[in-house]
Every structure is written in C-alpha cells, then in structure tokens.
Amino acid sequence: MTLPTPYGKVAFYPGCALDGLGKPYDVSLKLVAEDLGIPLDKIEDYNCCGALEVKNVSTMAGLLLPARNLALAREMGADAVVSACPGCHYSLSRTQYYLTKYPKLREKTNIYLEKMGAKQYDLKLMLVHAVEYIYNTVGIEGIKSKVKRPLTGLKVAPYYGCLYVRPKSYTLAGYMKLRDDPERPFFMDEILKALGAEVVPFEAKTMCCGGPHVYSDVEVALHLEARILKEAKRNGAEILVTDCPLGHVAIETNMNKIAEKYGEDLRMPLAYFSQLMAFAFGHSPEEALLTANITNPMSILKRYL
C-alpha cells in the first residue's frame with residue numbers, strides 16, 4: 001500500500017551524487033521508501049543541478065540547470081520535488097527563489113527552457129529534503145512500526161550539514177509548515193531515536209564540512225571536518241550519521257589525512273541515515289550497502305546482527 005503524502009504527488013530528484021559516490025545513499029533510501037510504502041518516482045532524463053560551483057561561472061547556467069529539472073517534474077504532474085542531497089536541495093530552492101522574486105528573469109529562463117525542448121516552469125512545486133519527506137509523511141510511530149533490529153544503545157551524532165536548512169530564505173525553513181527548525185534541526189534526530197539509537201548532544205550538526213573546498217583548499221576542508229569529528233567524539237558518538245553525499249564522501253575520503261594531522265582518535269565510521277533505517281528495518285549490511293562505506297560502520301553495527 002502506498003501512503004498519501006502531505007505534499008501531493010512527489011517526484012524524486014537523485015542528482016549526480018546518488019548515481020555515483022553516493023550510491024549507498026540511493027540504494028538504502030529506495031529500500032526504506034519501499035518498506036514504508038512511500039512513493040519515490042525518479043525524474044527521468046534529469047540533469048546535474050549545477051551543484052554549488054556553476055553559479056560562480058555563469059549565473060544563467062546556475063539557474064537553467066535546476067529549472068530544467070523542476071520543469072520535468074511538473075511534466076510528471078508533481079506537486080513537490082524530493083532531493084536527498086542538501087546541495088541539490090539548495091540549488092533547486094535557490095532557483096525557485098530567484099524565479100519567484102524576479103519575473104523578468106523567470107521569463108528569460110522559460111525562453112531558454114523552451115529552446116532546450118522543455119516546458120516552461122510555473123513555480124508550482126514545493127521543494128523537500130528526503131529527511132523532511134520521511135518525517136512528515138510517515139511520522140515517528142510509522143517508522144517505529146517497521147523496526148525489526150532495534151539499534152538500542154547505539155550512540156550517534158546526526159550531521160545535517162550547512163545547507164539542509166540554509167539559507168532559510170531559499171529553503172523556507174521556519175517560514176512554513178512541514179519544515180525543520182532553521183536554527184536547530186531535529187527531524188533526523190527523531191528518526192534515529194525511533195530506530196532505538198541514542199542521539200548525543202552535537203553542536204556541530206549544521207557546521208560546514210568544507211566539501212566544496214576538498215580539492216581547491218585541502219587545509220581548510222581538513223580543519224572543518226576535524227572540528228565536526230572532534231565534537232562528535234567529545235560527546236561519545238560511535239557513528240557520524242549523514243544526510244548529505246558531499247559531506248559524507250568528503251569526510252570519509254579525508255579520514256586518513258585528518259587522523260595524520262589531528263590525531264588517530266578522531267577516526268569514526270560514517271553511515272547515511274537511510275542506511276541505518278534499512279539496517280534497523282531488517283535488511284542485511286550488503287543490501288543497505290553498509291559494507292561499501294569506506295569507514296566501515298559494520299565495525300560498530302556488527303553487534304546487532
């Protein structure tokens with residue numbers, strides 16, 4: 001049975017990351033959606049959202065790339081677009097904001113969309129992160145009802161990243177219902193608690209990981225990532241739980257460099273929130289692709305098998 005959503009008909013925008021380095025996120029999210037009975041219909045022929053960098057090269061391209069995805073979603077009859085990557089959520093929300101605020105820019109964008117073979121975008125979409133989608137569609141009790149492998153005693157630090165609710169003028173966090181708290185998000189905390197895990201105090205939950213600077217300024221990225229890991233460790237977390245493929249991959253691939261620069265004690269496994277959900281719902285580590293994570297969260301989770 002498919003549950004009705006508070007968003008109407010939903011289109012899923014996976015973005016480039018979930019088809020690449022973020023594949024464990026994509027696979028586990030689909031498992032969770034199927035278990036919970038919530039729709040996750042992918043936008044066909046979607047393109048890159050432009051990530052965070054394209055807008056610095058071309059303002060128009062930075063709007064057109066997300067706008068085409070939004071137009072394709074409307075062609076599907078969607079009322080909302082769910083994205084799993086906060087970077088994608090940012091790009092889509094930013095475009096929605098500018099096209100709404102500046103009619104002449106919207107007109108110019110729609111002219112380009114038609115030249116690209118897409119329909120004009122009518123601004124009639126709500127843009128939603130996957131954490132919000134699950135939290136508001138299923139609810140905590142609905143999540144609890146699916147747990148077959150409670151993660152009792154597992155100490156976790158939920159890392160939302162800097163773009164999950166920012167900037168709130170784009171994401172509308174704090175401005176409308178169904179949005180997480182713009183200053184102290186808690187939706188992922190509650191989802192993890194529903195799995196039986198213990199959420200530790202974690203003031204770094206919305207700090208920037210320096211993901212976009214991994215290649216351009218490694219020292220800055222290492223410093224920011226070390227700060228996040230140090231805060232999680234200080235509060236007793238065993239696993240850093242993520243909802244952002246960019247942040248997840250950046251921290252995992254830099255773990256050895258962070259350990260060399262700031263100390264071995266900062267090493268910590270990472271897992272996507274959807275991977276922990278799939279695991280708690282009874283899926284094997286292989287099915288949830290927990291075995292594909294560079295930092296090996298199964299070193300901690302094996303006690304629940």
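Just so you know, these numbers come straight off a predicted model, no measurement behind them.
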Between [X] and [Y], which heavy-atom pair has the shortest distance, and what is it?
X      : Y      : answer
Tyr164 : Pro185 : CE2-CB, 3.7 Å
Ile143 : Ala194 : CG2-CB, 3.8 Å
Ala61  : Pro66  : O-CD, 4.2 Å
Ile228 : Met207 : CD1-O, 4.1 Å
His248 : Thr242 : ND1-OG1, 2.8 Å

Is [Y] reachable from [X] through a run of I, L, V, M, F, W or Y residues, each pair having side-chain heavy atoms under 4.5 Å apart?
X      : Y      : result
Tyr25  : Leu195 : yes
Leu270 : Ile294 : no
Val131 : Leu31  : no
Leu123 : Tyr112 : yes

Q | Test log, rule side chain to side chain contact (heavy atoms under 4.5 Å, CB included), inputs Thr95 and Leu64 | A | CA-CA 8 Å; Thr95 295; Leu64 273 173; over 6 Å; no

Counting N and O atoms only, with roles assigned by atom type, does the side chain of [X] sit under 3.5 Å from a partner on the main chain of [Y], one being a donor and the other an acceptor?
X      : Y      : result
Glu114 : Gln120 : no
Arg149 : Ala280 : no
Asn254 : Leu222 : no
Lys115 : Asn110 : no
Thr137 : Ile134 : no
Glu132 : Arg179 : no

Q: Go through the steps to decide whether Leu127 and Leu70 satisfy the test side chain to side chain contact (heavy atoms under 4.5 Å, CB included), and finish with yes or no.
A: CA-CA 9 Å; Leu127 307 177; Leu70 298 175; 3.7 Å; yes

Is there a side-chain contact between [X] and [Y], using heavy atoms and a 4.5 Å cut-off?
X      : Y      : value
Leu72  : Glu75  : yes
Val156 : Glu238 : no
Cys209 : Tyr159 : yes
Tyr135 : Phe186 : yes
Lys261 : Glu219 : yes

Greater than 12 external heavy atoms within 6.0 Å of [X]'s [atom1]:
X      : atom1 : value
Glu34  : CD    : no
Arg184 : CZ    : no
Tyr304 : OH    : yes

(Q) Run the side-chain hydrogen bond (donor to acceptor under 3.5 Å, both in side chains) test on Asp35 and His283 for me, step by step, so that the C-alpha distance in whole Å, both residues' side-chain angles and the decisive distance to 0.1 Å come before the verdict. (A) CA-CA 10 Å; Asp35 289 343; His283 293 283; 2.6 Å; yes

Using a strict threshold of under 4.0 Å (side-chain N to carboxylate O), is an ion pair present between [Y] and [X]?
X      : Y      : value
Lys104 : Glu107 : no
Lys193 : Glu190 : yes
Lys23  : Asp26  : yes
Asp45  : Arg68  : yes
Glu231 : Lys205 : no
Asp265 : Lys230 : no

Q: Any chance you could lay out the side chain to side chain contact (heavy atoms under 4.5 Å, CB included) test for Leu40 and Leu29, step after step, and finish with the verdict?
A: CA-CA 9 Å; Leu40 209 61; Leu29 191 60; 4.1 Å; yes

Q. When the ring planes of Tyr133 and Tyr7 are compared, do they come out parallel, tilted or perpendicular, using 30° and 60° as the limits?
A. tilted

Q. With Phe279, which of Pro285, Ser28, Ser274, Pro297 fulfils side chain to side chain contact (heavy atoms under 4.5 Å, CB included)?
A. Pro285

No-hydrogen, no-angle side-chain donor-acceptor test under 3.5 Å, [X] and [Y]:
X      : Y      : value
Thr171 : Arg166 : no
Asp189 : Tyr160 : yes
Asn293 : Tyr272 : no
Thr295 : Glu252 : yes
Glu203 : Asn235 : no

(Q) Can you tell me how far apart OG1 (Thr109) and CG (Leu99) are? Round to the nearest 0.5 Å. (A) 4.5 Å

Q) If you round to the nearest 0.5 Å, how far is CD of Glu44 from CE of Met76? A) 7.5 Å

When the side chains of residues 77-84 are checked against the rest of the protein, which donor-acceptor pairs come out under 3.5 Å, sequence neighbours left out?
unit_1 : atom_1 : unit_2 : atom_2 : d
Asp79  : OD2    : Lys9   : N      : 2.8

